[in-house]
Amino acid sequence: PYFVGTTIFLAIVTFIYWYPQDFDLALLSATSVLIITCPCAFGLATPMSIAVASAVAVKKKTLIKNSDALEVLNKIDWVVFDKTGTLTQGTFSISHVESTISKDKLIAIMAGIESHSEHLLAKAIVEANSAAERLQVSDFTSSPGQGVSGVINHQRYTIGNLSYVSNQHSASQALLEKANVLESQGASCIWCADELNVLGFIALSDQIKTDAKQVVEQLKNMGKKVSILSGDSQTVTQAVANQLNIEHVIAQTLPKDKSDYIQQLQQKHTVLMVGDGVNDAPALTQADTSMAIGSGSDVSINSADVVILKPTLGPMIEIIKLAKRTNKTIHQNIVFALLYNAVMVPMAMMAKVTPLFAAIIMPISSLIVIGNAARLRNNKK
């Protein structure tokens, strides 16, 4: 509105100034001002650059859902990663089973109840028992970030992290020692308890993504700090952090805890959250901008500003660099548009520019802005 108002005001001033001398000259000069200040170059400066950048992002297997993310990504100084499915492959396999009952029975109970959950860990347990007959489960409940429970043959079983399942009953020292050893090696232990005792646990192994360490190093080289924010145990999360040289580790977090941690960082930093699970949704929404792994849950994808369409992390570095180039291009376009108007408007007001010449130079200025934005497709720096 300010630009349009100023344009009309200048056109009126021009007409009033030249009117006493020559009506035709006054009309032509005022018309030239209006044509020159047609906000094509200025109006295209930002949206054209964002449109080109979004198209480039798709080629890099990344979907930009929120165009504002390109501006924010250029400002981030702290990157927070979820662990499971983000820094790691998220394809778990059972590496060990410890149980006070039959191991097959423990797996069958846990698979039966976990078949109602969408968590990556749950899917691994279910797949391990896919050939067995499923037990009838009723009264299934889920506690995000902690675990699940259900009733089988009139007996309630609780499955999840140790603090969740041992809320009323303690695990034996032998089970705890074996779990500590496995977790120190990076395995995730999923515990199971009935209404009386802790029955045992299943250890699930996951592999760190091949490009995760390289991505973390590149982020650090860019001057950004990196954190791991996970609902897994401190031991397991720290084991992954040690392999990736990440100093800031926050473990055993609930979805709200993740959001609170992001909010705390935002007091002094501009934060990017990268996740893939249902439990990451509050943190993805809270962060200044966010990325979701396309292979993750629908909730995380809907909550994120940018979606990486590949299971790897490499595209996020390319998008951060693209955001930097995009902002630079936008600034160049805006500066050019302002200079164009600063030079041509006074000339039009001085009756040095005819409407015909204005009609020719105006689209040329727009083409210059479009051409500069198109350079984003080829700039590799």
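What you see is a predicted model, and the numbers here were worked out from it, not measured in a lab.
The hydrophobic cluster containing V80 also includes W78, L229, I250, Y261, I262, L265, V271, M273, L284, under a criterion of side-chain heavy atoms closer than 4.5 Å among ILVMFWY residues, counted directly or through chains of members. Connectivity analysis of hydrophobic side chains (ILVMFWY, heavy atoms under 4.5 Å, direct or indirect) links L25 to Y17, W18. Cluster partners of L27, using a side-chain heavy-atom cutoff of under 4.5 Å among ILVMFWY residues and allowing indirect links, are F15, Y19, F23.
Closest heavy-atom contact between V79 and M316: CG1-CE, 4.2 Å. Of all heavy-atom pairs spanning I109 and I152, the tightest one is O-CD1, 3.9 Å. Of all heavy-atom pairs between I319 and A57, the closest is CD1-CB, 3.7 Å. Pairing each heavy atom of S67 with each of I50, the nearest pair is CB-CG2, 3.6 Å. The shortest heavy-atom contact between T100 and V198 is OG1-O, 4.1 Å. Between T289 and A69 the shortest heavy-atom distance is OG1-CB, 3.4 Å.
Residues R156 and S149 form a side-chain contact, since some pair of their non-hydrogen atoms from C-beta on lies under 4.5 Å apart. Contact annotation: the side chain of N74 never approaches that of L70 to less than 4.5 Å [non-hydrogen atoms, C-beta and beyond]. Residues L176 and L162 have side chains in contact (heavy-atom distance under 4.5 Å, counting atoms from C-beta outward). Counting heavy atoms from C-beta outward, T141 and V148 have side chains that stay 4.5 Å or more apart. Using a 4.5 Å heavy-atom threshold, the side chains of I76 and I320 count as touching. Annotation: side chain of L204 is not in contact with side chain of H96 (no heavy-atom distance under 4.5 Å). Taking 4.5 Å as the limit, every side-chain heavy atom of I208 sits out of range of all side-chain heavy atoms of K213. W191 is listed as a side-chain neighbour of C189, based on a closest heavy-atom distance under 4.5 Å.
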Criterion side chain to side chain contact (heavy atoms under 4.5 Å, CB included) on L313 and T86, from CA distance to verdict: CA-CA 8 Å; L313 292 172; T86 302; 4.3 Å; yes

Might you work through the side-chain hydrogen bond (donor to acceptor under 3.5 Å, both in side chains) test for Y164 and S143, ending with a clear yes or no? CA-CA 9 Å; Y164 180 62; S143 299; 3.3 Å; yes

List the steps and the verdict of side chain to side chain contact (heavy atoms under 4.5 Å, CB included) for N161 and Q252. CA-CA 9 Å; N161 59 47; Q252 295 178 305; over 6 Å; no

Run the side chain to side chain contact (heavy atoms under 4.5 Å, CB included) test on H248 and V226 for me, step by step, so that the C-alpha distance in whole Å, both residues' side-chain angles and the decisive distance to 0.1 Å come before the verdict. CA-CA 7 Å; H248 304 278; V226 181; over 6 Å; no

E195/Q155 under side chain to side chain contact (heavy atoms under 4.5 Å, CB included): CA gap, chis, key distance, verdict: CA-CA 7 Å; E195 295 175 349; Q155 173 76 16; 3.7 Å; yes

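Among residues two or more places apart in sequence or in another chain, the salt bridge (Lys or Arg N to Asp or Glu O under 4.0 Å) test is passed with E98 by K178. Residues passing the ring pair (Phe, Tyr, Trp, His ring centres under 6.0 Å) test with F9, sequence neighbours excluded: none. Contacts of K256 classified as salt bridge (Lys or Arg N to Asp or Glu O under 4.0 Å), with partners at least two apart in sequence or in another chain: D260. Among residues two or more places apart in sequence or in another chain, the salt bridge (Lys or Arg N to Asp or Glu O under 4.0 Å) test is passed with D104 by none. Here E71 pairs with K75 under the salt bridge (Lys or Arg N to Asp or Glu O under 4.0 Å) rule; sequence neighbours left out. Judged as a side-chain hydrogen bond (donor to acceptor under 3.5 Å, both in side chains), and not counting sequence neighbours, the contacts of N242 are Q238. For N333, the side-chain hydrogen bond (donor to acceptor under 3.5 Å, both in side chains) partners at least two apart in sequence or on another chain are S49, N372.
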Side-chain donor/acceptor pairs under 3.5 Å, residues 335-352, sequence neighbours excluded:
residue: Y340; atom: OH; partner: I36; partner atom: O; Å: 3.2
residue: N341; atom: ND2; partner: A337; partner atom: O; Å: 2.7

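Residues K258 and D280 are paired through a salt bridge, judged by an N-O separation under 4.0 Å between the basic side chain and the carboxylate. We find that K83 and D206 are not joined by a salt bridge, their nearest charged nitrogen and carboxylate oxygen being 4.0 Å or further apart.
At most 12 non-hydrogen atoms from other residues, nucleotides or ligands lie less than 6.0 angstrom from CD of Q207. Residue Q266 qualifies as enclosed at atom CD: its count of foreign heavy atoms under 6.0 Å is above 12. Residue K61 qualifies as open at atom NZ: its count of foreign heavy atoms under 6.0 Å is 12 or below. Taking a 6.0 Å sphere around NZ of K220, one finds it holds more than 12 heavy atoms contributed by other residues, nucleotides or ligands. Surrounding CG of N153 are at most 12 heavy atoms belonging to other residues, nucleotides or ligands under 6.0 Å away. Enclosure of atom NZ in K225 is not indicated, since only 12 or fewer non-hydrogen atoms of other residues, nucleotides or ligands lie within 6.0 angstrom. Q185 CD: more than 12 foreign heavy atoms inside a 6.0 Å radius.
Distance alone, capped at 3.5 Å, is enough to place a donor-acceptor pair between the S115 side chain and the G112 backbone. For K65 (side chain) and N302 (main-chain N/O), a donor-acceptor pair under 3.5 Å exists by modelled atom type. Put simply, the side chain of T237 gets close to the backbone of S233: a donor and an acceptor are under 3.5 Å apart. At distances below 3.5 Å, not a single donor-acceptor pair connects side-chain atoms of K310 with backbone N or O atoms of T62. Looking at S259, its side chain never comes within 3.5 Å of a backbone N or O of A283 through a donor-acceptor pair. Between the side chain of N197 and the main chain of L199, no donor-acceptor pair closer than 3.5 Å is present. Side-chain atoms of N279 do not come within 3.5 Å of backbone N or O of P255 as any donor-acceptor pair. For the pair K59 (side chain) and R377 (backbone), a donor-acceptor distance under 3.5 Å is absent. S365 places a side-chain N or O within donor-acceptor distance of the main-chain N or O of M362, the cut-off being under 3.5 Å.
Residues S188 and D232 have side chains that bring a donor and an acceptor to within less than 3.5 angstrom of each other.
Cluster annotation: V165 is not connected to L196 through the hydrophobic network of ILVMFWY side chains, with a link wherever side-chain heavy atoms come within less than 4.5 Å.
Screening residues 301-333 for ring pair (Phe, Tyr, Trp, His ring centres under 6.0 Å), with sequence neighbours left out, gives no hits.
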